[in-house]
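In what follows, a structure is listed as structure tokens, so that the remarks can point back to it.
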Amino acid sequence: NNKLVAVASYWIGVRLHSGKFIQIDNMITSRKHRNKQIATKLLNFVKEIGKKENCEKYVLDVFVDNHAGNKLYAKEKFDIAAFHLMQKIS
């Protein structure tokens, strides 16, 4: 029925400490369509792009309180390799 149910954005970059990488910047699945393997398919799709672009790493940031996301990324064998620090600007 041509409705958007999930979206992912990514970018490719190079860091001195990790080489060429592909990073998922945003990924969201509508609540109604969660637990249907859609996010897993998006992860795999972006990973394939990374392979074609000769990326060495596949990275993403996830908030600590995003329990569903953390569960998914652990299931997909992502390792916690760094901390992304944040401070509010008031």
Side-chain angles (χ1 to χ4, degrees):
N1 58 17
N2 294 328
K3 288 187 179 181
L4 183 65
V5 298
V7 66
S9 62
Y10 67 89
W11 56 284
I12 295 172
V14 177
R15 291 193 177 121
L16 295 175
H17 60 82
S18 60
K20 190 173 182 181
F21 65 94
I22 189 164
Q23 179 162 350
I24 287 204
D25 206 26
N26 298 285
M27 186 168 72
I28 188 164
T29 303
S30 71
R31 290 191 191 278
K32 186 177 176 181
H33 292 87
R34 292 181 184 168
N35 298 312
K36 297 181 180 180
Q37 304 296 310
I38 296 170
T40 299
K41 289 177 184 175
L42 284 172
L43 285 171
N44 290 334
F45 180 78
V46 174
K47 186 176 185 178
E48 288 304 313
I49 294 169
K51 286 179 181 178
K52 289 177 185 171
E53 294 292 327
N54 298 312
C55 294
E56 298 171 44
K57 301 268 176 32
Y58 186 18
V59 299
L60 57 84
D61 290 335
V62 60
F63 285 100
V64 173
D65 63 353
N66 181 350
H67 303 294
N70 285 304
K71 184 179 175 182
L72 170 67
Y73 304 133
K75 183 180 133 230
E76 294 299 317
K77 309 241 187 297
F78 280 86
D79 296 320
I80 298 172
F83 291 103
H84 182 96
L85 305 178
M86 182 170 55
Q87 183 183 70
K88 284 189 176 183
I89 298 174
S90 46

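The ring-ring contact (aromatic ring centres under 6.0 Å, His included) test applied to Tyr10 returns no partner, not counting sequence neighbours. Every residue was checked against the ring-ring contact (aromatic ring centres under 6.0 Å, His included) condition with Phe45, not counting sequence neighbours, and none meets it.
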Assess whether side-chain contact (heavy atoms from CB on, under 4.5 Å) is satisfied between Tyr73 and Leu43, documenting all intermediate values. CA-CA 9 Å; Tyr73 304 133; Leu43 285 171; 4.1 Å; yes
Ile22 vs Val59, test: side-chain contact (heavy atoms from CB on, under 4.5 Å). Steps then yes/no. CA-CA 6 Å; Ile22 189 164; Val59 299; over 6 Å; no
Report task. Starting from the C-alpha separation in whole Å, work towards a yes-or-no answer on side-chain contact (heavy atoms from CB on, under 4.5 Å) for Met27 and Leu42. Result -> CA-CA 8 Å; Met27 186 168 72; Leu42 284 172; 3.9 Å; yes
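Ile80 CD1 to Asn70 CG: the interatomic distance, rounded to the nearest 0.5 Å, is 7.0 Å. The line from CG of Leu72 to CZ of Arg34 is 11.0 Å long, rounded to the nearest 0.5 Å. To the nearest 0.5 Å, the span separating NZ on Lys47 from SG on Cys55 amounts to 12.0 Å. Atom CG of Leu4 and atom CD1 of Ile28 lie 10.0 Å apart (nearest 0.5 Å). From Arg15, atom CZ reaches atom NZ of Lys20 across 14.5 Å, with rounding to the nearest 0.5 Å. Taking CG of Asp61 as the start and CG of Asn66 as the end, the distance is 11.5 Å to the nearest 0.5 Å.
Leu60 has its side chain out of reach of His84: every pair of non-hydrogen atoms, C-beta onward, lies at least 4.5 Å apart. Side chains of Met86 and Phe63 form a contact here, defined as non-hydrogen atoms less than 4.5 Å apart. No side-chain heavy atom of Ile24 sits under 4.5 Å from any side-chain heavy atom of Trp11.
Atom NZ of Lys41 has 12 or fewer neighbouring heavy atoms from other residues, nucleotides or ligands inside a 6.0 Å radius.
Transitive grouping of hydrophobic side chains (ILVMFWY, heavy atoms separated by less than 4.5 Å) keeps Ile38 and Val7 in distinct clusters.
Of all non-hydrogen atoms in Thr40 and Glu76, the two that sit nearest each other are CG2-OE2, 3.4 Å.
A donor-acceptor contact closer than 3.5 angstrom is absent between the side chains of Ser9 and Asp25.
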